[in-house]
Protein chains: 2
Amino acid sequence: MVRARPEAGRDVSVVRMEDVAKLAGVSMKSVSNVIHNYAHVSVGMRTRVQQAIDELGYRPNVLGRRLVTGRTGMLTLAFSDVSLPYFSELARVVSSEAGRRGYRLLLEQTDGTLEGERAVVSSSESGLVDGVIFQPSIMSTIEIAQHRQDDPLVLLGEGAAPLSVDHVMIDNTGAAEDATSHLISSGRRRIGFVGQEDIKQSATSSQRLIGYQQALERAGIRVDSSLLMASHAISSQDAAVAVSRALDRGVKFDGLVCRDDLAAIGALRALQERGLSVPGDVAVIGWDNIAMAACTYPSLSTVAPDTKQLAVVALDMLEERIAGYAGLGRHRLVDYALVLRESAP
Amino acid sequence: MVRARPEAGRDVSVVRMEDVAKLAGVSMKSVSNVIHNYAHVSVGMRTRVQQAIDELGYRPNVLGRRLVTGRTGMLTLAFSDVSLPYFSELARVVSSEAGRRGYRLLLEQTDGTLEGERAVVSSSESGLVDGVIFQPSIMSTIEIAQHRQDDPLVLLGEGAAPLSVDHVMIDNTGAAEDATSHLISSGRRRIGFVGQEDIKQSATSSQRLIGYQQALERAGIRVDSSLLMASHAISSQDAAVAVSRALDRGVKFDGLVCRDDLAAIGALRALQERGLSVPGDVAVIGWDNIAMAACTYPSLSTVAPDTKQLAVVALDMLEERIAGYAGLGRHRLVDYALVLRESAP
DNA sequence: GTGAAAGCGCTAACAA
DNA sequence: TTGTTAGCGCTTTCAC
């Protein structure tokens, strides 16, 4: 009744649907009906089958089901690095929301490498997942459009986004302008920008820098490139180094717009090491509203993207693609808020 | 040649191995041989097949392959919440190490609920993943042992661990003793403990508290329960509240051992709000060595588990189970180090 | 070295 | 309401 499956060295007895059917003295169809709670099943059948299932400890093998339905119930979530707080918090939200819709999440890290990003966009296998949510770091629009398979795909973030592909982000330029304007309206006049990449600037940093510049210009403040404190990598340490160096060079500023909360935390540290007070001497504003932003001392004012909405919109679009929608790429903005805490009240 | 597959509303043409075989004028076996780089394939065959693959843009469907091999190449990594820094950093390490071994990682969050943890241990479906790595938060040893399916399973962390199941952790009691002893040897005498759960204490907190107590007793210091600052949840905010309350009550201390780095960061904030200096007035030591621990001001001394080793050992054991090993549970300790930074030099 | 064919475990169209 | 059966796309003996 129960077959031994000699598989990769294991020799595990596996109960199959047929075994259940035999034990219950019914057909596989009836077992399937019971498992899927098909409406038109007699009570006697249902109990008899359930009994056999329980007795054998039968668990349906998803692979068989998937092969025939063609659906896997899995989604890939891909970005550079889960250990970055913004991504881990995003993963939590997307995973929860995907779970509510009956999907499980496959995590894929690209390490921000071109190779890793290419692997996400053009997998050499098919059928693994029903769709992909991907926040590219360095891949170009053209490359994404070229390498793309026909697997349903939704892009996140400020990076490349071909017209043909769905895309969700917040208005980065606008938000950066808001953040900078907030500092200006609280009386700051020498406002620096911290944490953009020093070598090859990401689209994220570019857009935020543009908003920063626009706010300054609108307020009639001259943009001073000595106030741009580039960082070697996206990390608090590197941002701290950048701010320290600026201080060493004698650069004066009374406000800092940071590319993200990690950079802001690095800036906080660099300022405090010099005995500068935040926000007394320098107001600091971050980006992402990671959990830690509320717990630093002083706590961080920050741009808070609505990640819940981001996840919902992205999953909505992905599900439409999975269901067969084949129109042009939709490009949607989701909300953000300026969360004001101690570092820039 | 290429079939249209009417699937869930989609109508996507899918290239199958048979299509490639037909176009190349060979059998499916030959196509399969080429795909798997089977050694004994003539050059002519190889190029002819490869040409057909390229021409059709054929990508093998993993579901078909998996159904016959019985292996999915996927592992589940399960714990309460990816957005907690320790878990997200662990996920990064495990994901990388799993990737090196040819596995992809399915992320499962339990939210620390019994329901979520039960779902991990006793899935109603089989065949989804080849194995499970799971860090339980609240499930009891007995329940894990009972609910366990025969899917390969490795447990992480200080929680429940039945004898029958593989398990990896660091020596929590020892590490807590080391951390506490470090504070004692730097002259601290009134040392508090911060961040254990206030309602139902986790195994993690218990073990760390035991080590803390042992170190004090060994040094001939009386354990003072007013120095135990329980926290409502595992978060910086709650730890900050706990420390603030203790300060309000007039509790005096010159050192704090924290359940984890989040608690330590909360403690830092609570102390700084009162104008207390760290480590001048109070030395603080955390646990986990999350990335942020190096960037706080002052930076955090902390217990650093060797998560790389943890991942390697866990995956080694899991792969042995997957390969068929069916012996008793192995319980292994991995290394940790005391990383000394500014908060407790 | 290559081809033919029998499944892997399940679903669903069609019959009864 | 339940049973029969033909695949889903691939791997893998076993012949040739």
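The figures here come from the full heavy-atom set of this structure, side chains too, leaving out hydrogens, waters and symmetry mates. The chains referred to below are lettered A, B, ... by the order of the sequence lines, with proteins before strands, and numbering in each begins at 1.
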Asks: Taking only residues two or more places apart in sequence, or in another chain, which ones meet His36(B) in a ring pair (Phe, Tyr, Trp, His ring centres under 6.0 Å)?
Replies: none
Asks: Identify, residue by residue, the members of residues 27-35 of chain A with a heavy atom below 4.0 Å from DNA chain D, and return them in order of residue number, or none.
Replies: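 Contacts with DNA chain D under 4.0 Å: Ser27(A), Lys29(A), Ser30(A).
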Asks: Would you mind telling me which of dG9(C), dT2(C), dG9(D) lies closest to the side-chain atoms of Val68(A)?
Replies: dG9(C)
Asks: So, does His36(B) get its side chain near the phosphate of dT11(D), meaning an N or O under 4.0 Å from OP1 or OP2?
Replies: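 Yes, because at least one side-chain N or O of His36(B) sits under 4.0 Å from OP1 or OP2 of dT11(D).
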Asks: Could you tell me which residues satisfy ring pair (Phe, Tyr, Trp, His ring centres under 6.0 Å) with Phe134(A), sequence neighbours excluded, listed by chain and number?
Replies: none
Asks: Can you name the residues that form a ring pair (Phe, Tyr, Trp, His ring centres under 6.0 Å) with His331(A), not counting sequence neighbours?
Replies: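 Residues passing ring pair (Phe, Tyr, Trp, His ring centres under 6.0 Å) with His331(A): His167(A).
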Asks: Heavy atoms only, 4.0 Å cut-off, all strands: where does Val62(B) land among base, sugar-phosphate and nothing?
Replies: nothing
Asks: Should Arg65(A) be listed as having a side-chain N or O under 4.0 Å from OP1 or OP2 of dT11(C)?
Replies: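 Answer is yes, contact under 4.0 Å.
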Asks: We want to know whether Tyr103(B) and Arg71(B) form a side-chain donor-acceptor pair, criterion being a heavy-atom distance below 3.5 angstrom.
Replies: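 Yes, side-chain donor-acceptor contact under 3.5 Å.
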Asks: What bend angle does the helix from dG1(C)-dC16(D) to dA16(C)-dT1(D) show across its length, from five-pair end axes and to the nearest 10 degrees?
Replies: 40°
Asks: Sequence neighbours left out, what passes ring pair (Phe, Tyr, Trp, His ring centres under 6.0 Å) with Phe87(A)? Give chain and number order.
Replies: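 Phe87(A): ring pair (Phe, Tyr, Trp, His ring centres under 6.0 Å) contacts with Phe79(A).
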Asks: Less than 4.0 angstrom between a side-chain N/O of Thr69(B) and OP1 or OP2 of dC10(D), yes or no?
Replies: no
